[in-house]
Amino acid sequence: MSGSKLASVEAGEASAAPAPIARKTPFNVLIVGVGGQGVIMVSKVLAALAQWRGFEVKQSEVHGMAKRGGSVFSHVRFGERVWSPTIAKGEADVLIALEWAEGLRWLPYLKPATGIFICDTKRIVPPFACLNRKPGAAMRYSRETAEQVANYVAEGYAIDATTMAEELGNERAANVVLLGALSTALDFPIADWESTVSEFVPKKTIAVNLEAFRLGRTWIAEARSPAPATGTPPLLPLAEVPFTPRLEINAAWCKSCDICVKMCPERCLRLNDDRIAELANPEKCTGCRLCEWLCPDFAIRVHLEAQGKAAEEAAR
């Protein structure tokens, strides 16, 4: 998706003393996603930076009962005076979504004439959205394409932040890629953004997160440039193609909690003699990802591979 061009901070701008407060109308940013994606971290970075720049800040969030895989959202409002911590429908200046369907669900909150929509194309399909438990069956999940959504927003971007973060070596930095994209819509110095990000991420991941932040800024800058004839293809609907689920289980991270075994809808997992989770009945696995989302130690990763590709790899 593309939209009108906004003023943005030039790369490399040095940090200066906080500017005088000039924003009388509060600026509203809504961050949404699912549990485990880092929605709250994004909102805390923005709130801390806005407060340091001299604005009054109000933040409201719902996350306690969501856990991993559940709906999470956070409202951040800042300005000369801010009375309410929540954003009313149609009043969000920017909507940041870490998951595609969650982003579409919150679109009514975006300002129709001027709102900016920045959404990761990552799709987290709830396991019980399956109409049929067979692998590759149709699911109850949003199928809107980027072009269709573009008709409802003033400016919007569908960014594959998760893949970009994976290519940097840390999938969990996808939320920081989106922070970089968000930074182009606000007139805060880049140095201030980067120093604030550094305060909220684990010390050992500062370098990769700063790289992810810069990557998000660069992506938006390129997206706002005139698109070449061979530009990025639009986001396609969720394809209904046959796939083979493959579970990647990190034995070193598994703590033998048994959650994945007990919650698997198909009862295809078990603890082995070493009390490490393993896929006992691969033919029953539907790739619903429930085990991946519920694992408190991030020890399980579910890969949905096209059956042709899976067959090729098995033959090697």
Side-chain angles (χ1 to χ4, degrees), residues 33-38 63 65-72 98-101 120-141 160-175 202 204-205 208 238-316:
V34 301
Q37 289 192 290
H63 64 93
M65 295 301 293
K67 299 184 180 179
R68 293 189 64 206
S71 180
V72 181
L98 281 67
E99 196 276 338
W100 183 249
D120 191 346
T121 58
K122 183 177 181 65
R123 295 175 164 99
I124 299 179
V125 183
F128 301 109
C130 301
L131 297 175
N132 186 321
R133 298 299 299 169
K134 294 180 180 179
M139 293 173 284
R140 296 182 186 272
Y141 187 86
D160 192 357
T162 298
T163 298
M164 293 163 68
E166 285 179 341
E167 292 173 350
L168 293 178
N170 189 341
E171 178 187 351
R172 301 188 70 183
N175 59 342
K204 294 182 179 180
T205 67
V208 69
L238 192 64
E240 293 182 22
V241 296
F243 64 81
T244 298
R246 178 174 64 85
L247 267 63
E248 178 184 347
I249 301 177
N250 189 324
W253 292 1
C254 178
K255 301 298 189 297
S256 308
C257 68
D258 210 24
I259 293 175
C260 60
V261 175
K262 293 179 178 177
M263 296 301 295
C264 175
E266 307 304 327
R267 299 293 186 267
C268 55
L269 288 165
R270 70 182 177 192
L271 295 184
N272 61 21
D273 293 339
D274 296 322
R275 298 210 39 93
I276 300 300
E278 67 177 13
L279 184 59
N281 299 295
E283 70 281 356
K284 293 183 178 180
C285 179
T286 63
C288 72
R289 295 186 182 273
L290 191 61
C291 57
E292 178 181 348
W293 296 328
L294 293 180
C295 177
D297 301 302
F298 301 93
I300 301 179
R301 183 78 182 273
V302 179
H303 303 274
L304 303 181
E305 300 176 339
Q307 288 186 354
K309 177 182 178 182
E312 290 177 4
E313 293 185 350
R316 292 176 183 175

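Every heavy atom of this structure was used, including side-chain atoms; hydrogens, water molecules and symmetry mates were not.
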Student: Tell me the closest heavy-atom pair linking Asp297 and Trp253, and the distance in Å.
Tutor: CB-O, 3.4 Å

Student: Could you check if a side-chain atom of Pro282 sits within less than 4.5 angstrom of a side-chain atom of Cys268, using non-hydrogen atoms only?
Tutor: no

Student: Return yes if some donor-acceptor pair links the side-chain N/O of Glu99 with the main-chain N/O of Ala101 below 3.5 Å, else return no.
Tutor: yes

Student: Any chance you could measure Cys285, atom SG, to Leu269, atom CG, to the nearest 0.5 Å?
Tutor: 7.0 Å

Student: Can you measure from CD1 (Ile249) to SG (Cys291) and round to the nearest 0.5 angstrom?
Tutor: 7.0 Å

Student: So which atom in Gly38 and which in Asn175 form the shortest heavy-atom distance, rounded to 0.1 Å?
Tutor: O-ND2, 3.3 Å

Student: Decide side-chain contact (heavy atoms from CB on, under 4.5 Å) for Lys122 and Gln37; before the verdict, give the C-alpha distance in whole Å, the side-chain angles of both, and the deciding distance to 0.1 Å.
Tutor: CA-CA 11 Å; Lys122 183 177 181 65; Gln37 289 192 290; 3.7 Å; yes

Student: So do the side chains of Ile276 and Leu271 get within less than 4.5 Å of each other, counting heavy atoms only?
Tutor: no

Student: State, to 0.1 Å, how close Glu266 and Lys284 come at their nearest heavy-atom pair, and which atoms those are.
Tutor: CG-O, 3.4 Å

Student: If you take all heavy atoms of Val208 and Thr205, which pair is closest and at what distance?
Tutor: CG1-O, 3.2 Å

Student: Any idea which heavy atoms bring Asn281 and Arg267 closest together, and the distance?
Tutor: ND2-O, 3.7 Å

Student: Under 4.5 Å between any side-chain heavy atoms of Val34 and Leu98, yes or no?
Tutor: no

Student: Is the shortest heavy-atom distance from the side chain of Phe298 to the side chain of Glu292 under 4.5 Å?
Tutor: no

Student: In Å and rounded to the nearest 0.5 Å, what is the NE2 to CG distance from His303 to Leu247?
Tutor: 8.5 Å

Student: Which value, rounded to the nearest 0.5 Å, describes the distance between Leu290 atom CG and Cys260 atom SG?
Tutor: 9.5 Å

Student: For a side-chain contact (heavy atoms from CB on, under 4.5 Å) check, start with the C-alpha distance between Lys255 and Arg275, then their side-chain angles and the critical distance, and finish with the verdict.
Tutor: CA-CA 8 Å; Lys255 301 298 189 297; Arg275 298 210 39 93; over 6 Å; no

Student: Side chains of residues 162-169: which donor-acceptor partners sit under 3.5 Å, not counting sequence neighbours?
Tutor:
{"from": "Thr162", "atom 1": "OG1", "to": "Asp120", "atom 2": "OD2", "distance (Å)": "2.7"}
{"from": "Thr163", "atom 1": "OG1", "to": "Asp160", "atom 2": "OD1", "distance (Å)": "3.1"}
{"from": "Thr163", "atom 1": "OG1", "to": "Asp160", "atom 2": "OD2", "distance (Å)": "2.9"}
{"from": "Glu166", "atom 1": "OE2", "to": "Arg301", "atom 2": "NH2", "distance (Å)": "2.6"}

